[in-house]
Visitor: 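Here you go, one structure.
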Amino acid sequence: NAGVTQTPKFRILKIGQSMTLQCTQDMNHNYMYWYRQDPGMGLKLIYYSVGAGITDKGEVPNGYNVSRSTTEDFPLRLELAAPSQTSVYFCASSSRDRIYEQYFGPGTRLTVT
Amino acid sequence: QKEVEQNSGPLSVPEGAIASLNCTYSDRGSQSFFWYRQYSGKSPELIMFIYSNGDKEDGRFTAQLNKASQYVSLLIRDSQPSDSATYLCAPWGGGSTLGRLYFGRGTQLTVWP
């Protein structure tokens, strides 16, 4: 049971480039989330999904897109990267029965220069 | 906008002391409260939750909740150097915010030997 996995672990992007952060969970969780964490700050919700085919915006969705075609995968797409998107990105998942118990992936450290 | 305020750190206590971490929240609809621990460079993990007024004890950890004052705290008794981490407070409300946690900035705790 790998839990929540994220790739890549680190990435440097140039301004204007695009990329997809991958997230996969093997716990059959319905709920999945994308957060960003800036230095010294809490976690800000970008997007979340309550099941395959259903996604919704969180607090800071601008500049990002998501899709959820399967229960396991929840990729996050960055279009036209900007320096303000430099952050650590965490993917998380939780079951319908214990929504609050979110299991986090190891994170992706992204730098946009 | 749901606000979550935590006592500004860093908090430094000697080994064996009691560490007190505080959190206030703005959303009166919040029903449950979660404490996540995040070691430096790692992802958050759930350590405690509380949903009733009063105290809840789990080993060396005690969560305290006062909904009238919109205040929740986490006490760590007999603090150990291994408790050194950032502690994130996360209220949770049902209804329209089902499945969404709102995280505070966190309080960084250092326990010195």
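Below, chain A is the first sequence line, B the second, and so on; all start at residue 1.
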Visitor: When only pairs under 4.5 Å are counted, which of P44(B), G104(B), G106(B), C89(B) shares the most heavy-atom pairs with chain A?
Guide: P44(B)
Visitor: Give the minimum heavy-atom separation between Y36(B) and Y100(A), together with the two atoms involved.
Guide: OH-O, 2.7 Å
Visitor: When hydrophobic residues are tied together by side-chain contacts of less than 4.5 Å, even through go-betweens, does L65(B) share a cluster with W35(B)?
Guide: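 In one cluster with L65(B): W35(B), yes.
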Visitor: Roughly how far apart are L43(A) CG and Y102(B) OH, rounded to 0.5 Å?
Guide: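 Between atom CG of L43(A) and atom OH of Y102(B) there are 13.5 Å.
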Visitor: For chain B, which candidate among G42(A), G107(A), A92(A) shows the most heavy-atom pairs at distances under 4.5 Å?
Guide: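 When all of G42(A), G107(A), A92(A) are compared, G42(A) has the most.
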Visitor: Roughly how far, to the nearest 0.5 Å, is CD of Q102(A) from CG of L46(B)?
Guide: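 Rounded to the nearest 0.5 Å, the CG-CD separation comes to 9.0 Å.
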Visitor: Give a yes or no on whether R105(B) atom CZ has more than 12 heavy-atom contacts from other residues, nucleotides or ligands under 6.0 Å away.
Guide: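 Counting other residues, nucleotides and ligands, CZ of R105(B) stays at 12 neighbours or fewer.
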Visitor: Under 6.0 Å from the OH atom of Y103(A), do we count more than 12 heavy atoms belonging to anything else shown?
Guide: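 Check fails, neighbour count at 12 or below.
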Visitor: Does F61(B), at its CZ atom, have more than 12 non-hydrogen atoms belonging to other residues, nucleotides or ligands within less than 6.0 Å?
Guide: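 Yes, enclosed.
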Visitor: What closest approach, in Å, do K42(B) and F90(A) show between heavy atoms, and which atom pair accounts for it?
Guide: O-CZ, 3.8 Å
Visitor: Counting only heavy atoms not in I15(A), do more than 12 fall under 6.0 Å of its CD1?
Guide: yes
Visitor: For the atom pair CZ (F103(B)) and CD (E59(A)), what is the distance rounded to the nearest 0.5 Å?
Guide: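 Reported value, rounded in 0.5 Å steps: 10.0 Å.
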Visitor: Kindly give the heavy-atom pair with the smallest separation between G105(A) and S43(B), and that separation in Å.
Guide: O-CB, 3.0 Å
Visitor: Is there a chain of hydrophobic side chains (I, L, V, M, F, W, Y, each step under 4.5 Å between heavy atoms) that links V111(B) to L75(B)?
Guide: no
Visitor: With only heavy atoms counted, which part of Q108(B) is less than 4.5 Å from chain A, the side chain, the backbone, both or neither?
Guide: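 Neither part.
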Visitor: So with a 6.0 Å cut-off around CZ of R96(A), is the heavy-atom count from everything else above 12?
Guide: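 No, not enclosed.
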